[in-house]
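In what follows, every chain begins at residue 1, and chains take the letters A, B, ... in the order their sequences are listed. Since the model is a prediction, treat every value here as computed from it, not as a measurement.
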Number of protein chains: 2
Amino acid sequence: MKNHMHHPLPNALRPSLAEALALADRRCAELGRRWTVSRQRALEILLEANGPVKVYDLLSSFKPGGLTAPATIYRAFEALVDLGMAHRIDSLNAYMARHFIDKAQATLLLVCDQCGRVDEVAPPTPALLTAIKAHSTFLTETVAVEAHGCCGDCRA
Amino acid sequence: MKNHMHHPLPNALRPSLAEALALADRRCAELGRRWTVSRQRALEILLEANGPVKVYDLLSSFKPGGLTAPATIYRAFEALVDLGMAHRIDSLNAYMARHFIDKAQATLLLVCDQCGRVDEVAPPTPALLTAIKAHSTFLTETVAVEAHGCCGDCRA
DNA sequence: AGCGATACGTTATAATATAACGCCTCGATA
DNA sequence: TATCGAGGCGTTATATTATAACGTATCGCT
Ligand SMILES: [Zn+2]
Ligand SMILES: [Zn+2]
Ligand SMILES: [Zn+2]
Ligand SMILES: [Zn+2]
């Protein structure tokens, strides 16, 4: 990893805590789930990190507040994913706060293999979903686009 | 997993062994790699499976022919990925033969969460790549689209 | 023959993720 | 308010996935 500071996201794209909590309430109601201290702590961690967070990195640092065992952390992060407040990034085995909070289901993540920065970008949802529908009888639940490469800063 | 037979791919999309070996030769030359028995065996396994293959499933079955340890199998599969002859599917921790052999770098995979079937679909490459370029200075190396949901057969 | 790069076999270990089970808490309902 | 079922958490153990390390073999070239 290059050792430079990651750019904070433009404020317009960062979900405010208020927005996040409103979404949490709404979706908890819809899904019969509860908004708990663990989940709020997990969300705070993701928002503070402003980038991908790996479960076992959390465990080996001092960050936790109640999140002290793998199962606990996985449960909290997965709950956030279910609630639409986080992504799981399979190609990194990591979780990240979701910025485009309810606008589109599909997400496009640009993962820099040099520095580890991940940008969340509004996806070309219509074109992508149209293409999927055109090709099959597949009923799409989730679409994840993980693009790997090298970010502008690393190439500068 | 539902217990039905998976559909063979239309023959037009299945790479013939001849095509695959031609590609292997060409790309080995380009990359200074070698086409080995292990890699050919790995490719045969993927083509026979006609779907995603998990490393430790291979180990616990009797399939191997020389591929008997994790490191060996991972090396062979990763070599196939480098050569453009296979995909790694991060959301499944699995490998699969690549059908669209050199047409497009980006791939769109439709993963049925019910039966495990994975269809490889020609992606809307231009739209997707254009969107990526429009959004950043990111230099894209690979784009993987993994759509999860439910295939037509499972819903029938 | 000599040499560097690539690849393989093997052993051990690291990294990632889940199972299982008991206890707790919330909220609906009687 | 007593009861009850679902959701959630803490903890321990274990399963699953992936890589490190190192010595040997092989290839292509000179
Ligand atoms: Zn960086
Ligand atoms: Zn970068
Ligand atoms: Zn099936
Ligand atoms: Zn299916």
Applying side chain to side chain contact (heavy atoms under 4.5 Å, CB included) to B:Q40 and B:V37, what does each step give before you reach the verdict?
CA-CA 5 Å; B:Q40 177 135 358; B:V37 177; 5.8 Å; no
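For the atom pair A:H87 NE2 and A:R98 CZ, the distance stands at 5.0 Å (nearest 0.5 Å).
Rounded to an integer number of Å, the gap from CD1 of B:I73 to P of D:dA18 is 12 Å. Regarding A:Y74, its OH atom lies at a distance of 17 Å from the P atom of D:dC9, rounded to whole Å. Distance A:W35 CH2 to D:dG7 C1': 15 Å, rounded to the nearest Å. Taking atom CZ on B:F77 and atom P on D:dT19, their separation rounds to 14 Å, with Å as the unit. What separates CG of A:L83 from C1' of D:dG7 is a distance of 13 Å, to the nearest Å.
A salt bridge is defined here as a Lys NZ or Arg NE, NH1 or NH2 lying under 4.0 Å from an Asp or Glu carboxylate O, and B:E78 with B:R75 fails to meet this definition.
Between B:T68 and A:A94, the residue whose closest nucleotide on DNA chain C is further toward the 5' end is B:T68. For B:V37 and B:N93, each mapped to the nucleotide of DNA chain C holding its nearest heavy atom, the one lying further toward the 5' end belongs to B:V37.
Interface limits on DNA chain C: the 5'-most and 3'-most nucleotides within less than 4.0 Å of chain B heavy atoms are C:dA5 to C:dT10.
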Going 5' to 3' along nucleotides 21-30 of chain D, which nucleotides have protein heavy atoms under 4.0 Å from the base (write B), which only from the sugar-phosphate (write S), and which from neither (write -)?
B----BB---
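The nearest pair of heavy atoms linking A:I45 to A:L58 is CG2-CD2, 3.8 Å. Counting all heavy atoms, side chain and backbone alike, A:C28 lies closest to A:W35 at SG-N, 3.7 Å. In terms of heavy-atom proximity, A:V118 sits nearest to A:P52 at CG2-CG, 3.7 Å.
In terms of phosphate contacts, B:K54 brings a side-chain nitrogen or oxygen within less than 4.0 Å of OP1 or OP2 of D:dT17. Distances shorter than 4.0 Å separate none of the side-chain N or O atoms of A:R33 from OP1 or OP2 on D:dC9.
Stacking is found between B:Y56 and the pyrimidine-like six-membered ring of the D:dT17 base under the 5.5 Å centre-distance and 30° plane-angle cut-offs.
The aromatic rings of B:F77 and B:Y95 sit tilted relative to each other, their planes meeting at an angle between 30° and 60°.
Under the 3.5 Å distance criterion, the side-chain polar atoms of A:E146 are left unmatched by any main-chain donor or acceptor of A:I89. B:R27 places no side-chain N or O within donor-acceptor distance of the main-chain N or O of B:R33, the cut-off being under 3.5 Å.
Within the 4.0 angstrom heavy-atom criterion, only backbone atoms of the sugar-phosphate kind lie near A:T36; the bases stay farther away.
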